[in-house]
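Below you'll find the structure, written out as structure tokens, and then a few comments.
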Amino acid sequence: NSKVIQTPRYLVKGQGQKAKMRCIPEKGHPVVFWYQQNKNNEFKFLINFQNQEVLQQIDMTEKRFSAECPSNSPCSLEIQSSEAGDSALYLCASSLLGGDEQYFGPGTRLTVL
Amino acid sequence: GEQVEQLPSILRVQEGSSASINCTYENSASNYFPWYKQEPGENPKLIIDIRSNMERKQTQGLIVLLDKKAKRFSLHITDTQPGDSAMYFCAANGPNYNVLYFGSGTKLTVEP
């Protein structure tokens, strides 16, 4: 039911390498969320955008991640220097402005060796 | 706080019986409570949700109940089938920008 597109589906990086993943939100959805789901199935909110503007982000994202949602281009989330603990499923979700429902993309599964 | 507690973590039921999952939340400003089903290797899929102006919602064999006073909400799956076997996650929205805070998940196994 979700029309959110995420690429790549799988990403393997060495420690210290950059890891970049992309998300195309559902058409007409200006709000984009990134979450991390770790191997224990725990979800962590990372950052969200309304159009190109950051609405909220956690400390970790601010310090170690680079994220943007340029107009007419996919949103992206990039880990500047991957750590083993970053191995997780990265989920992008989008919603309507003022809407509650968030539909997730297929996710990018990152493995940091 | 934004913590969402979910129980049980593991649930095994016989096909045809019901399954119930319970969640509690901390933030009294939360007003949106979705439930997601996640199968192995897949993304979480929104299966039902409830807003704070309702106490009960039902769709296609799923019932969600919300008790705002107790800050508790629950999912009830009636007439379970093997295809219902999956991880289920509850969530509640936080005070800012509808960020969702998730429970720790329930692994449901429906045995034939």
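Everything numeric in this text was worked out from a predicted model, so none of it was measured. Each chain gets a letter, A, B and so on, in the order its sequence line appears, and its residues count up from 1.
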Cluster link [X] to [Y], ILVMFWY, side chain under 4.5 Å:
{"X": "B/L65", "Y": "B/I50", "result": "no"}
{"X": "B/L7", "Y": "B/I77", "result": "no"}
{"X": "A/Y10", "Y": "A/L77", "result": "no"}
{"X": "A/Y35", "Y": "A/L11", "result": "yes"}
{"X": "A/L96", "Y": "B/L46", "result": "no"}

Item checked: A/F104/B/Y36 aromatic ring centres below 6.0 Å -> yes
Note to self: So that I know where these two stand, are A/F45 and B/F102 an aromatic pair - ring centroids less than 6.0 Å apart?
What the structure shows: no
Could you tell me whether [X] atom [atom1] has more than 12 heavy atoms of other residues or ligands within 6.0 Å of it?
{"X": "A/L113", "atom1": "CG", "value": "yes"}
{"X": "B/E111", "atom1": "CD", "value": "yes"}
{"X": "B/R51", "atom1": "CZ", "value": "yes"}
{"X": "B/K107", "atom1": "NZ", "value": "no"}

Next item on the list: First locate atom CD of B/Q38, then atom CG of A/L89, and finally report the distance between them rounded to the nearest 0.5 Å.
Entry: 7.0 Å
Next item on the list: First locate atom CG of B/N43, then atom OG1 of A/T108, and finally report the distance between them rounded to the nearest 0.5 Å.
Entry: 11.0 Å
Item checked: Residue A/L91 versus chain B: region with a heavy atom under 4.5 Å -> side chain
Notebook entry, point to check: Given that the side chain runs from C-beta out, which part of A/E101 has a heavy atom under 4.5 Å from chain B: side chain, backbone, both or neither?
Noted result: both
Side-chain donor or acceptor of [X] paired with backbone N/O of [Y] under 3.5 Å:
{"X": "B/Y101", "Y": "A/K44", "answer": "no"}
{"X": "A/Q102", "Y": "B/N98", "answer": "yes"}
{"X": "A/D100", "Y": "B/Y32", "answer": "no"}

Note to self: Just so I know, are the side chains of A/F33 and B/L100 near enough to count as touching, which here means a heavy-atom distance under 4.5 Å?
What the structure shows: no
Check: Do B/P44 and A/F43 come within less than 4.5 Å of each other through their side chains, counting heavy atoms only?
Finding: yes
Margin query: Please classify the contact between B/P34 and chain A as side chain, backbone, both or neither, with a heavy-atom cut-off of under 4.5 Å.
Written below: neither
Margin query: Please classify the contact between B/Y97 and chain A as side chain, backbone, both or neither, with a heavy-atom cut-off of under 4.5 Å.
Written below: both
